[in-house]
Amino acid sequence: MAKLLDKQRYKCALAAMQTVQAIDRAIPVLHSGPGCAQKLSDGTGSSGYFSPNIFPCTSINEKDVVFGGVKKLHSTIDNALKVIDADMYVVLTGCIPEIVGDDTGEVVSEFADSDKPVIYAPTAGFKGNNYKGHEQVIDAIIDQYLEKAEARQKGLVNIWADVPYQDLYWLGNLRELEKLLKEIGLTPNTIFGYNRGLDNINKIPYAEFNLVISPWVSLKNAKKMEKKLGIPYLHYKTLPVGAFETSKFLREVGKYANLDESKVEEVITEHEKYYYYLIERYADLFLENRVINKQFSVVADAHYALGITKFLTNDLGLIPAKQFITDDTPKEFRESIAEEFKNLNYGLQAEAVFETDGYKIHEAIKEHDYHGYPLVLGGYYDKEVTEKLSGNFLNISWPVNDKVVFDDFIVGYTGGIRLIEDIYTVAVQRFN
């Protein structure tokens, strides 16, 4: 019997077009049916130099299903190179051409001598969601564009975090991570966001190591780069939000990179002094029984569910209820991620529930005894059920309809403070 999936928190793999879009002056070329770009793009913050409305697309139809769409794909790539001023062209395949067996790789290989790089990634929706599609795009860059470097640039480190656009705070988070690594003496390299793009992609092979800040996304990419490009990697599973985790993160990165320990501690001390100065100023608010929630739940991908759970527990002393991971995490990663939720301060543990069905998540929230009104940080889908429980809700994960974000962030010391501001702004409003 067929099952319904209610309110899933991800898109199909073809939404990796947003990963391409986040690379400055890179453009997706879609080998798919008409309308995919419009359906898969977010409503805010997804226009820019190349808007989804002008992505080149083969718009394949019934005729192409019968006779194949390779000729149309060749024509679309050829005309995109002539008409669109981009630095990199990334062909993404939808469901239909992969079902009928179009050899996209063969077509793309015909443009190997083009002035601009043309690569492709198989991103049919039936192969997975946009988290996996994101990894496919990075794999395409590794396999089809990058070459092993003869030398390394001292201190250069590639940063890989969560999925652009799927993550509300992707741009600000990356910039803040860059800033923190610079402060301890490293030279960060990211390929997403303003003024990055192809120049930064070209720097990837020269890095001393890759830094993967994610429970699972991009870990396979890092392993591939280690094998092909000889770049080792450091896997830091928890998004560092707030003082406790960020200080731990900087120490671990500093140790891995053989940095001056005293320099790292100096940076940490300076940040912690200001962080706890701000916390002390609002201690009365945090201890106000009417304001503080007894327990909380996060409904988000593994990246945010883990990072925010550790932050709310370790920094603010809140009690975790069930935490819901919605990104359809590959099974081979689930056990190790669930163990991280048990690694909290004060002897506390959280139960991680891997669930993609919004109905089941909402039923679990309604059944749990939060010992008062709950605090729920999740997608917009979770707002209604939280309000019915008279709880406090903050929209921090996809889909996002409650907030417009330009370059705000929640990572690091400053990001933790901003997240506290957002949470307690919602909390105090109930008493206005």
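Sequence positions, counted from 1, serve as the residue numbers for this chain. Side-chain atoms are counted along with the backbone in the values below, which use heavy atoms only and exclude waters and symmetry mates. Keep in mind that what you see is a predicted model, and the values were worked out from it rather than measured.
For Y275, the ring pair (Phe, Tyr, Trp, His ring centres under 6.0 Å) criterion is met by no residue, not counting sequence neighbours. With sequence neighbours excluded, the residues that form a ring pair (Phe, Tyr, Trp, His ring centres under 6.0 Å) with Y165 are W170.
Between E183 and K263, no side-chain nitrogen of the basic residue sits less than 4.0 Å from a carboxylate oxygen of the acidic one, so the salt-bridge criterion is not met. Looking at E178 and R196, a side-chain N of the basic residue comes within less than 4.0 Å of a carboxylate O on the acidic one, giving a salt bridge. Using a 4.0 Å cut-off between charged side-chain N and carboxylate O, E363 and K360 make no salt bridge.
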Checklist entry - For K255 and E252, what are the C-alpha separation, side-chain angles and deciding distance, and is it a salt bridge (Lys or Arg N to Asp or Glu O under 4.0 Å)? => result CA-CA 5 Å; K255 182 179 180 180; E252 188 162 333; over 6 Å; no
Next on the checklist: E261 vs R251, test: salt bridge (Lys or Arg N to Asp or Glu O under 4.0 Å). Steps then yes/no.
Outcome noted: CA-CA 8 Å; E261 185 177 341; R251 289 187 179 104; over 6 Å; no
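More than 12 non-hydrogen atoms from other residues, nucleotides or ligands lie less than 6.0 angstrom from CD of Q8. Within 6.0 Å of NZ on K228 lie more than 12 heavy atoms contributed by other residues, nucleotides or ligands. Atom OH of Y194 is surrounded by 12 or fewer heavy atoms from other residues, nucleotides or ligands within 6.0 Å. Residue-environment remark: OH (Y274) stays at or below the threshold of 12 foreign heavy atoms within 6.0 Å.
The shortest heavy-atom contact between G379 and S397 is N-OG, 3.0 Å.
Checking side-chain atoms of N129 against main-chain N and O of D327 turns up a donor-acceptor pair under 3.5 Å. The main-chain N or O of G347 is never found under 3.5 Å from a side-chain atom of N345 such that the two would form a donor-acceptor pair. The backbone N or O of F244 lies less than 3.5 Å from no partner atom in the side chain of E272, so there is not a single donor-acceptor pair. D167 places no side-chain N or O within 3.5 Å of a backbone atom of L171 that could act as its donor or acceptor partner. Judged by distance alone, with hydrogens and angles left aside, the side-chain atoms of K11 form no donor-acceptor pair with the main-chain N or O of N130 at under 3.5 Å. Judged by distance alone, the side chain of Q144 and the main-chain N or O of V118 form no donor-acceptor pair under 3.5 Å. A donor-acceptor contact shorter than 3.5 Å is absent between the side chain of T269 and the backbone of E266. For the pair N158 (side chain) and T190 (backbone), a donor-acceptor distance under 3.5 Å is absent. Side-chain N or O atoms of N392 include none that pairs as donor or acceptor with a backbone N or O of I423 at under 3.5 Å. Under the 3.5 Å distance criterion, the side-chain polar atoms of E351 are left unmatched by any main-chain donor or acceptor of A338.
Within the structure, salt bridge (Lys or Arg N to Asp or Glu O under 4.0 Å) contacts touching residues 197-209 (residues at least two apart or in different chains) do not occur. Screening residues 6-40 for ring pair (Phe, Tyr, Trp, His ring centres under 6.0 Å) gives no qualifying pairs among residues at least two apart or on separate chains. Pairs engaging residues 235-246 under the side-chain hydrogen bond (donor to acceptor under 3.5 Å, both in side chains) rule: Y236-E245, T238-K310 [sequence neighbours left out].
Using modelled atom types and a 3.5 Å distance limit, the side chains of H134 and Q166 yield no donor-acceptor pair. For the 3.5 Å distance criterion, the side chains of Y346 and N314 fail to qualify, holding no donor opposite an acceptor. Using a 3.5 Å distance cut-off with no hydrogens or angles, the side chains of T123 and Q136 do not pair a donor with an acceptor. If you check the side chains of S262 and D260, you find a donor sitting under 3.5 Å from an acceptor.
Each of E226, E332, E135 was checked for a salt bridge (Lys or Arg N to Asp or Glu O under 4.0 Å) with K220, and the lone residue meeting it is E332. Paired with D382 under the rule salt bridge (Lys or Arg N to Asp or Glu O under 4.0 Å), one option of K7, R9, K388 passes, and it is R9.
Residues I213 and F249 form a side-chain contact, since some pair of their non-hydrogen atoms from C-beta on lies under 4.5 Å apart.
The aromatic rings of F192 and W160 lie perpendicular to each other, with more than 60° between the two planes, well past the 30° mark. A perpendicular orientation is assigned to the rings of Y370 and H368, their planes being inclined by more than 60° (bins at 30° and 60°).
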Which pairs of donor and acceptor atoms, one on a side chain in residues 403-420, lie under 3.5 Å apart (sequence neighbours left out)?
| from | atom 1 | to | atom 2 | distance (Å) |
| --- | --- | --- | --- | --- |
| D408 | OD1 | R418 | NH1 | 2.9 |
| Y413 | OH | S247 | OG | 2.8 |

